[in-house]
Amino acid sequence: MSRLFAPTLREVPAEAEVISHQYLLRAGYIRKTAAGIYSYLPLGWRVLRKIEQIVREEMDRAGGQEVFLPALQPAEIWQESGRWDVYGKELFRLKDRHERDFCLGPTHEEIITDLVRREISSYRDLPKRLYQIQTKARDEIRPRLGLIRCREFIMKDLYSFDRDQAGLEESYQAMYRAYERIFRRLGLRFKVVEADTGAIGGKDSHEFMVLADTGEGVIVYCEACDYAANLERAVTGEVVPDLTEPAKEMQEVPTPGRHSVEEVTAYLGVTAERLVKTLIYRAIYRDREEPVAVLVRGDRDVNETKLKNAVGALFVELADASLVQEVTGAPVGFAGPVGLKNVRILADLEVPRVVNAVVGGNKADVHLINVNYGRDYQAGEVLDLRNAAAGDPCPRCGAPLQLTRGIEVGHIFKLGTKYSEALGATYLGEDGQEHYIIMGSYGIGIPRTMAAAVEQNHDADGIIWPFPIAPYHVIIVPVNYAVPEQQELAESLYRELTAAGVETIIDDRDERAGVKFKDADLMGFPLRITVGPRALKEGKVELRRRADGSVMLLERSEVVAKVKAEIQAGYPKLEDENTGADIGVLG
RNA sequence: CGGGGCGUGGCGCAGCUUGGUAGCGCACAUGGUUUGGGACCAUGGGGUCGUAGGUUCGAAUCCUAUCGCCCCGACCA
């Protein structure tokens, strides 16, 4: 340890906001090189290698073969797939000395598909599952949260190549199971959620979320059944209509200067459920853009992913004030569906059920009350457009849904033929015909997994590593290394434990005990052996668990066996579940 | 890119409003006293105040530009 390159910091660097970032910096695991670009110091690199190793074993077990593809990639194949233009600014682009275009790989669909199309020609060559563990580069709009969102990061990416849909299904499920095993083996609490497929393309998709309050992703799940989805995707169940109230006559009311839902409801003395919000969005398509009006209940939020999918746009954004004025004839805050013309109107499922609603009057400082769907206004389409909320009925079983947060550490996609068609990756089938290879892609962010592990496992003193990814299982701390008796005992224990296959580090620094204890806690080694006069008086040594702080006094002779038992107990046991019974989410 | 904030020894900060030639704590080095939860005393090394211009007798401080970093939003492993 006196030789270890792991500079610890007593104070929190100002740039670090989240716990994992703070502790990984303070404990000397990482250092920042530039925004979203990190160097991994010895301890950090040991953790990453342990994660990689578990990932590697499970990929191999699931039929994967490891390859290593170039990070530096020629523009041609990206132009061929169409993503040279579509991927946008996130692609790190560069030129070589001959002015030829290259990019740094943000992902490797193009490269691997190019490789496979050259080398695979027959159905006999399929299926194949190829993966690598490699550095990716993405010029993120905003790198943040330390290792959670980086511009350069290590990713395990596997690509599956199958003959047909059934083959893809098999590959997908194999990966699904492998991912579950990986995150269990890592000792992390996680949830698998249905996900929207996003920019990479394709159809089905699941995300593996490590549960942590600091997570960027919101998870909607049901405790009664196994439904779980991320917020973008989560379907809101039908709500029982409440139409007992008789419809009253529609009326204009002045609402001077009241734009927001809070202001209007407070002014009119109604609840937000009584209000129907009208939001004007700008839907952007490949060749054009158009405004759309979206109606949701006053207490709900529009789900932009659902909206984007509903209108089939590349993306959607809230309209600015001038567009709102143009569409509604009123300033922002007074848009309403009554008499709204020349714009596509979409309403959330709940909206028609709001009886005697409050809506904007499409005039400055005017709202309408007692507005009723069907009689006073109509939407072109009525569909699920809002974010799910806690307490909503589960779309599967109707039980109330719950929300929690998580960090997305793994993502699996069914790509289908998106890339094989673009790049012409075909094989000759048994039927003598050419077919497109059916693909899937499966990623795990390695440094992000490390950060997620810290987010989930820490206390006020520092990191508490799960055994499988701790840089060392045990740290031996002699209270005073200068005392020969302590030094001898510490060193002999170190030799014995190391010989017994226990990953051990010894704090031989000339520091006071308190400093060594603080650093050991900060760095998060799951076990600590303290060699000091207190226990030595009785001829014993202390074994302390980092997680709960409990201390065991052990005879010198039983140390190795006890440590091994603790480690054994610290590794999650995987019941060998190959039945697939637990993956009902796949339906 | 839009909005907000910050750049002063390795880390955390003060000084800037009201210009006068840089300071505190931690860390580091040496010596001593200490030694079971981030010790104490003494001494010492280290900063062209992000960079470039400008104003001024004089700029960390005022002005302009520029670069970098962090936070909030659209993206994603």
Side-chain angles (χ1 to χ4, degrees), chain A residues 7-18 21-22 25-26 28 31-37 51 55 87-90 106-108 133-136 138-158 179 195-200 205 207-210 216-217 230 232 282 284 304-305 308 314-318 320 407-413 441-452 461-462 477-483 486 510-522 528 530-537 542 544 549 551:
Chain A
T8 56
L9 304 171
R10 292 198 181 188
E11 282 167 293
V12 181
E15 67 189 37
E17 196 81 357
V18 293
H21 194 198
Q22 293 177 0
L25 282 170
R26 283 189 57 203
R31 283 293 182 265
K32 188 177 69 179
T33 300
I37 301 175
I51 297 171
V55 168
Y87 213 94
K89 291 192 180 151
E90 224 165 284
T107 169
H108 282 68
I133 297 176
Q134 214 232 24
T135 299
K136 307 288 187 218
R138 295 184 187 174
D139 198 354
E140 287 283 345
I141 302 164
R142 180 156 86 88
R144 73 185 123 159
L145 306 174
L147 293 187
I148 292 176
R149 172 159 257 90
C150 289
R151 292 197 291 172
E152 185 188 274
F153 62 99
I154 302 165
M155 178 162 123
K156 183 288 298 176
D157 46 327
L158 183 145
Y179 273 41
D196 192 70
T197 46
I200 295 184
S205 170
E207 290 175 349
F208 289 72
M209 313 280 290
V210 168
E216 291 183 282
N230 65 21
E232 287 78 52
R282 189 192 293 274
I284 291 133
E304 295 188 358
T305 304
K308 184 181 77 175
L314 288 180
F315 66 100
V316 293
E317 62 182 19
L318 218 41
D320 54 28
I407 299 164
E408 182 193 352
V409 289
H411 202 161
I412 59 179
F413 289 92
S441 98
Y442 316 85
I444 291 178
I446 306 290
R448 184 183 279 188
T449 300
M450 171 162 85
D461 292 316
V477 178
V479 167
N480 188 342
Y481 198 67
V483 175
Q486 290 183 31
D510 178 23
E511 289 285 356
R512 295 164 63 85
V515 172
K516 292 189 270 199
F517 292 153
K518 286 288 184 190
D519 276 347
D521 286 350
L522 182 61
R528 185 182 87 199
T530 313
V531 176
R534 283 187 200 163
L536 265 176
K537 255 182 267 170
E542 295 167 33
R544 180 177 182 273
V551 175

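All chains are named by letter (A, B, ...) in the order of the sequence lines, taking the proteins before the strands, and each is independently numbered beginning at 1.
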What is the nucleic acid contact for A:V515, judged by heavy atoms within less than 4.0 Å: base, sugar-phosphate only, or nothing? base
Would you indicate what A:A520 reaches in the nucleic acid, counting non-hydrogen atoms under 4.0 angstrom: base, sugar-phosphate, or nothing? nothing
Touch class at under 4.0 angstrom, heavy-atom based, for A:D461 against every strand present: nothing
Does A:R26 make a side-chain donor-acceptor contact with the base of B:G10, cut-off 3.5 Å? no
By nearest atom, which of the nucleotides B:C75, B:C11, B:C71 is closest to the A:P13 side chain? B:C11
Let's see if you can work this out: which of B:C76, B:G37, B:A74 has an atom nearest to the side-chain heavy atoms of A:R138? B:C76
Assess whether one donor atom and one acceptor atom, taken from the side chain of A:D519 and the base of B:G38, lie less than 3.5 Å apart. yes
For A:E232, report the nucleic acid contact type (base, sugar-phosphate, nothing); a contact means any heavy atom under 4.0 Å. nothing
Heavy atoms under 4.0 Å, any strand shown: does A:E140 hit a base, just sugar-phosphate, or nothing? base
Using a heavy-atom cut-off of under 4.0 Å over every strand shown, decide if A:L318 touches base, sugar-phosphate, or nothing. nothing
Partners of A:Q486 by side chain to side chain contact (heavy atoms under 4.5 Å, CB included), sequence neighbours excluded? A:P478, A:V479, A:N480, A:V483, A:V531, A:P533, A:L536
Regarding the side chain of A:R448, the nearest nucleotide among B:A77, B:C75, B:G38 is B:A77
Would you indicate what A:I141 reaches in the nucleic acid, counting non-hydrogen atoms under 4.0 angstrom: base, sugar-phosphate, or nothing? base
From the set B:A39, B:G73, B:G37, return the single nucleotide nearest to any side-chain atom of A:R544. B:G37
Check the geometry between A:F153 and B:A77 and answer yes if their rings are stacked (centres below 5.5 Å, planes below 30°), otherwise no. yes
So what does A:G410 touch, heavy atoms closer than 4.0 Å: a base, only the sugar-phosphate, or nothing? sugar-phosphate
Across the strands shown, which category fits A:G514 at heavy-atom distances under 4.0 angstrom: base, sugar-phosphate, nothing? sugar-phosphate
Please list, pair by pair, any protein nitrogen or oxygen found under 3.5 Å from a nitrogen or oxygen in nucleotides 25-29 of chain B.
| from | atom 1 | to | atom 2 | distance (Å) |
| --- | --- | --- | --- | --- |
| B:G25 | N2 | A:E11 | OE1 | 2.8 |
| B:A27 | OP1 | A:R10 | NH1 | 3.3 |
| B:A27 | OP1 | A:R10 | NH2 | 3.2 |

Nearest-nucleotide pick for A:A14, side chain only, options being B:C76, B:C11, B:G12: B:G12
Polar atom pairs between nucleotides 66-69 of chain B and protein, under 3.5 Å, N or O only, would you list them?
| from | atom 1 | to | atom 2 | distance (Å) |
| --- | --- | --- | --- | --- |
| B:C69 | OP1 | A:A35 | N | 2.8 |
| B:C69 | O3' | A:K32 | NZ | 3.0 |

CD of A:Q22 versus P of B:G12: gap in Å, rounded? 12 Å
Among B:U34, B:G37, B:G38, which nucleotide has an atom closest to any side-chain atom of A:R512? B:U34
Counting heavy atoms from C-beta on, name the nucleotide in B:A77, B:C75, B:A74 closest to the side chain of A:R142. B:A74
Using a cut-off of 4.0 Å on non-hydrogen atoms, how would the nucleic acid contact of A:P533 be classed: base, sugar-phosphate, or nothing? base
Any base atoms under 4.0 Å from A:V477, or only sugar-phosphate, or nothing? Heavy atoms, all strands. nothing
